[in-house]
Number of protein chains: 2
Amino acid sequence: MSATISQQTLPQKAADAIIRLIRTQNYAAGTKLPNEYELSRMLNVSRNTVREAIKLLVSRNILEVRRGAGTFVSDKQGLGDDPLGLSMIVDQPRLYRDLMQVRLLTEPKCAAFAAQYATPEDIGKLQLLVSEPEDLLHNNTLNTVNDAAFHLHISHCSGNMVLYNINTAIYNRLTQQDAPIAVSGKKQLLTDHLRIFQAIRRHDSCGAYDAMLAHLMHHQEQLPEDGFPLSDQMD
Amino acid sequence: MSATISQQTLPQKAADAIIRLIRTQNYAAGTKLPNEYELSRMLNVSRNTVREAIKLLVSRNILEVRRGAGTFVSDKQGLGDDPLGLSMIVDQPRLYRDLMQVRLLTEPKCAAFAAQYATPEDIGKLQLLVSEPEDLLHNNTLNTVNDAAFHLHISHCSGNMVLYNINTAIYNRLTQQDAPIAVSGKKQLLTDHLRIFQAIRRHDSCGAYDAMLAHLMHHQEQLPEDGFPLSDQMD
């Protein structure tokens, strides 16, 4: 459980106050924060405490310091490079199995939500992500990063920010290798993505759910018996 | 996407090497790391780089420094206090709706996995978490922290480490207020928890799935129309 208020150090309390400031003022990513002096006055703490608080928030990917320019709200939205601590899970085949279980659990419904809530703008962007891989197939450079961009945009279309953050963490891990997708799997992938896209475009939640589930099952069939060779890069 | 290897600074590379060391040596939480001098020799980098790498890993909750004693593997397993960046989501009723959607999506199947994989030891611990609240009902101190402990232990029993980490992040957020549960909801909660526990104990995956789904729906019925007052503490 997280530390209760009374156990917090001064810099931690100041960091929480800065988060509240960002939220109540609706500061978007890229917004410049008041300078150290102003923050110290606004929060009624020393400049040293402000500096320590900013360091904490930089380490949490909530703020970023651009040298000579000031302190800004980070576009990482507080999401770390490995927010779920996946790099600490030792058993790599098990990690991959667990990641696939979570994808099977969340992504079909994610696609169903996307069919329900996607705006015309969302659908336009999804179409680009469907047609792009077709070119990549001919260039032989289709890889997991392109695949991840398609799936992540569907999480975005779902309208559920928590699901989007969870899937960002999962795909950050899965794309660390940037491994090429086997040729035999590429055509299936393109057919599957197109089917998912079409269901989302016609706002067919059940169709999107089923198309995503089928896609994940096809993906799983392509894998070796003991799962994905995640360990290749790591050890 | 995460930074590719070539973009990494020396301390980041050293940090990755330390993570590999922890993983290949199977260092458990609480294990003491070799000292700065030894690490610098093992990783073939300067002691200054080792110090910077350790700072990075402390900020990621992978290591902890105990003054005068050395550097240890943290029992937080690399999971931050707010790993999914939930404190940065401004729209609080929407955040709560999104969290409930994710719980509805993941927890019934989590309970089904638990029924399939829970060991006798797991079931023993779950029983304690079911009987404990009964005492708390009489003491009038049953709160969201007790509730969270029950749900988190089920995630643990599921055998899926990724699901466990996701649920830890979600419950860290939900228990920040440590709000008491309304009396009207308490008896329902105890009945629901008991039913979930019994299904898991008899390894009845379908029963556990349904009991968890019913429990989450009961919980949702207790909430005000616009969701949980998460904003109370935050603004």
Side-chain angles (χ1 to χ4, degrees), chain A residues 1-4 16 19-20 22-24 26 55-56 58-62 73 76-92 94-95 97-99 101-102 104-106 109-110 113 145 148 158-166 169-173 175-176 178 234-235, chain B residues 1-4 16 19-20 22-24 26 55-56 58-62 73 76-92 94-95 97-99 101-102 104-106 109-110 113 145 148 158-166 169-173 175-176 178 234-235:
Chain A
M1 302 300 118
S2 60
T4 59
D16 283 351
I19 291 177
R20 274 196 299 277
I22 295 171
R23 292 178 46 243
T24 53
N26 251 321
K55 270 192 208 164
L56 281 175
V58 167
S59 78
R60 286 174 59 189
N61 282 342
I62 289 173
V73 178
K76 292 188 180 171
Q77 304 279 327
L79 252 190
D81 292 331
D82 179 24
L84 291 172
L86 302 181
S87 56
M88 292 302 291
I89 296 179
V90 178
D91 183 341
Q92 294 291 301
R94 183 173 161 193
L95 170 60
R97 185 209 65 178
D98 289 357
L99 286 170
Q101 275 183 353
V102 173
L104 278 164
L105 202 52
T106 59
K109 195 142 177 196
C110 217
F113 280 136
V145 173
S158 79
N160 187 311
M161 295 176 287
V162 178
L163 268 180
Y164 178 75
N165 286 359
I166 289 172
I170 289 175
Y171 282 102
N172 266 354
R173 180 68 192 87
T175 55
Q176 263 177 30
D178 199 14
M234 299 301 291
D235 292 312
Chain B
M1 302 299 118
S2 61
T4 59
D16 283 352
I19 290 178
R20 275 196 298 278
I22 295 171
R23 291 178 46 242
T24 53
N26 252 322
K55 271 192 207 164
L56 281 175
V58 167
S59 78
R60 286 174 59 189
N61 283 342
I62 288 173
V73 178
K76 292 188 180 170
Q77 304 280 325
L79 251 190
D81 293 330
D82 178 24
L84 291 173
L86 303 181
S87 56
M88 292 302 292
I89 297 180
V90 177
D91 183 341
Q92 294 291 302
R94 184 173 161 191
L95 170 60
R97 185 209 66 178
D98 289 357
L99 286 171
Q101 276 183 352
V102 173
L104 278 164
L105 203 52
T106 59
K109 194 141 176 195
C110 216
F113 280 137
V145 172
S158 79
N160 186 310
M161 294 177 287
V162 179
L163 268 180
Y164 178 74
N165 286 359
I166 289 172
I170 289 175
Y171 281 101
N172 266 354
R173 181 68 191 86
T175 53
Q176 265 177 29
D178 199 14
M234 299 300 292
D235 293 313

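First the proteins, then the strands, lettered A, B, ... as listed; each starts at 1. Keep in mind that the numbers below use all heavy atoms, side chains included, and drop hydrogens, waters and symmetry copies.
- In terms of heavy-atom pairs under 4.5 Å with chain B, the best-connected choice from I62(A), V162(A), I170(A) is V162(A).
- Side-chain N or O atoms of N160(A) include one that pairs as donor or acceptor with a backbone N or O of D98(B) at under 3.5 Å.
- Here the NZ-OG1 distance, from K109(A) to T106(B), works out to 10.5 Å after rounding to the nearest 0.5 Å.
- If you take CZ on R97(B) and CE on M161(A), they are separated by 7.5 Å, rounding to the nearest 0.5 Å.
- Of the listed residues (L56(B), V73(B), L84(B), N26(B)), the one with the most heavy-atom contacts under 4.5 Å to chain A is L84(B).
- The side-chain heavy atoms of L105(A) and L105(B), taken from C-beta on, include no pair separated by under 4.5 Å.
- Both the backbone and the side chain of L163(B) have a heavy atom closer than 4.5 Å to some heavy atom of chain A.
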